[in-house]
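What follows is a short report on a single structure.
Both ligands and their constituent atoms are indexed starting at 1 by order of listing.
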Amino acid sequence: MWRRQHALLRRISPLKPPTACSASAIGCYHASAPEGRKGKTAPLQARGMVDRFRLRAKGGDGGNGCISIRRSRSDRQGKPDGGNGGRGGDVILECSLSIWDFSGLQHHMKASRGGHGVSKNQIGTRGSDKIAQVPVGTVIHLVQGEQPSLAVNKPTRALDPWDIPDTVEHSPFSSSHIGRKMINDLDSSLSDQQISSKECTDGSEGDRGNNNQREKKTYSMTEFVRTEDYGVTSYPHQVEADENDQFDDEDEEFWEDEDELDMDEEAKEEKDEPAIQFSIAEMTRPGQRLIIARGGEGGLGNACIPKDMRLSKAHRQEEIIRLSTAQPGTETSLILELKSIADVGLVGLPNAGKSTLLSALSRARPEIADYAFTTLRPNIGSLTYEDYFSVKVADIPGLIKGAHENRGLGHAFLRHIERTKVLAYVLDLAATLNGQKGVPPWEQLRDLVVELEHYQEGLTKRPSLIVANKIDEEGAEAIYKELKKRVQGVPIFPVCAILQDGVPDLRVGLRDLMDASDPQGVELSKILVD
Ligand SMILES: Nc1nc2c(ncn2[C@@H]2O[C@H](COP(=O)(O)OP(=O)(O)OP(=O)(O)O)[C@@H](O)[C@H]2O)c(=O)[nH]1
């Protein structure tokens, strides 16, 4: 049990889980106090952000077509009247502004299967889709399976009974034309079977066909898209609830893998790494939808199978069985990663006043307290200028010296500033004042630059400025003067975030930096440290 929880914690956080065998500690980040500031540390709370998530998804299998003969007094020989099976549901990710991280997601998601066809030409129900909401800025890495595709809203042709979801409908006619088209589509999809399932990674042919080709022919409103950014999309077959899914437990193979995944998580992740296709898609706009696993097509009912197939009786029987068998849904294994999208990234040691500054600059109200690691997840605020120019500012949890060795909260959150255009180093002028055993601001700056460079080479070359915070504290003025002497090349703004002193100038400074044609980053050689 502990082993599984341990593996789970390792999976969602790059940090080492607590060593004590306490179930209550699961899900908490172990945050050590920064150097020189021991004593007050954040209480361990199970509210850490989940910004990396491993997800396995399976589309619902299609329902089988029905083979049935309807006889009557006047027609002793009878006519085929078996309905088509319904299509399985899709697993869909939807981008939402109201979601912060992946903590609400399930590691395994499965859409429900389509209903089987029934006699009297009744088609099976379409399986319900499974929709999960993810935050804006979600990047998707493909570990295994099919490329996800975006659902694009396009005018579609008139619905025929095959398209109507979630209903058992009477098919008005068993059109042999439709039947032939479906058979052709089915044949082409079977001949193009691709190896997508886990069992087939060794290159041998698998039973699972790639539904994509057939899918594209039958449904014209979906398109294969890679890493492209579409606007709000909608999907006509959406059904949220999956509670009454009578078929959920049927695919045991899929759920059996859960144990395997948890038990050998670390080993498996390492093994999988080389195969990962990084950043295959990004979800950047609210409402955007991405189909990550497709439902399988339903089998054909014998009413749809044309009589004039020129086959021997035995072969015809075989062919009918083949055509009436539904296709399985596709399976995918993904890693979701959250990279916030902001223009300005606030970086600083814990307690430097980043969250206070964010609340002074914007309407964001992050948690503020006088202990280190109050911020456990990134906060984003919006700074709007008089000309309605808007800048997004991200406040990430504090960095400490040695973060690249997994100290403090480590580098886990730096991905949130990877995309920012401008960096604002928030330095605490009061760290060494009033008997505090903190680090002087120029050393804070050096440590931050080293950590950022450890995370990503060249990151500190971005346009940067320095916020010398807590200028209101006694003795801070002298430290500020010393800082100006010791650091060259970037603008420094003295600020008291708590009273909002110097904040208007900082706003202008940030704007100038965004607009500047040749702004500079912080260079280690231009920081004088004893
Ligand atoms: N005197 C003074 N105190 C400040 C100022 N800005 C912030 N503080 C205080 O510094 C402490 C830490 O502020 P936070 O905004 O939580 O600092 P942080 O950098 O977000 O801290 P982490 O969440 O640990 O990363 C709080 O007690 C604030 O009230 C300031 O300008 N002057």
N or O pair under 3.5 Å between [X] and ligand 1:
X: Asp395; result: no
X: Val495; result: no
X: Pro397; result: no

### Min heavy-atom dist Cys496 to ligand 1 below 4.0 Å
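A heavy atom of Cys496 does come that close to ligand 1.
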Using heavy-atom distances, let me know which of [options] sits nearest [atom].
atom: atom 29 (O) of ligand 1; options: Leu358, Leu433, Ile471, Ile498; value: Ile498
atom: atom 1 (N) of ligand 1; options: Gln500, Lys470, Glu474, Glu473; value: Glu473
atom: atom 7 (C) of ligand 1; options: Thr356, Val347, Val467; value: Thr356

### Task
Mind jotting down which residue pairs meet the side-chain hydrogen bond (donor to acceptor under 3.5 Å, both in side chains) criterion with at least one end in residues 486-504? Sequence neighbours excluded, please.
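Qualifying pairs, neighbours excluded: Glu482-Arg486, Arg486-Asp530.
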### Task
Over 60° means perpendicular and under 30° means parallel, so classify the ring planes of Phe53 and His107, tilted if in between.
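Taking Phe53 first and then His107, their aromatic rings lie parallel (interplane angle under 30°).
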### Task
Could you list the atoms of ligand 1 found under 4.0 angstrom from a heavy atom of Asp472?
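The atoms of ligand 1 under 4.0 Å from a heavy atom of Asp472 are 1 (N), 2 (C), 30 (C), 31 (O), 32 (N).
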### Message
List ligand 1 atoms under 4.0 Å from Gly353, heavy atoms only on the residue side.
### Response
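This gives 7 (C), 13 (O), 14 (P), 15 (O), 17 (O), 18 (P), 19 (O) as the contact atoms.
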### Query
Gln444 and Tyr425: side-chain donor and acceptor closer than 3.5 Å?
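No.
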### Task
Of the side chain and backbone of Val426, name the one, both, or neither that has a heavy atom under 4.0 Å from an atom of ligand 1.
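The answer is neither; Val426 stays 4.0 Å or more away.
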### Message
I need the minimum non-hydrogen distance between Pro491 and Ser464, along with the two atoms involved.
### Response
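What the structure gives for the nearest pair is CD-O, 3.7 Å.
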### Query
Would a distance-only check, ignoring hydrogens and angles, find a side-chain to backbone donor-acceptor pair under 3.5 Å from Asn469 to Ala352?
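Yes.
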### Query
Can you name the one residue among Ser362, Ser355, Ser359 that meets side-chain hydrogen bond (donor to acceptor under 3.5 Å, both in side chains) with Asp395?
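The passing option is Ser355.
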### Query
Going by an N to O cut-off under 4.0 Å, is there a salt bridge joining Lys392 and Asp343?
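No, Lys392 and Asp343 are not salt-bridged.
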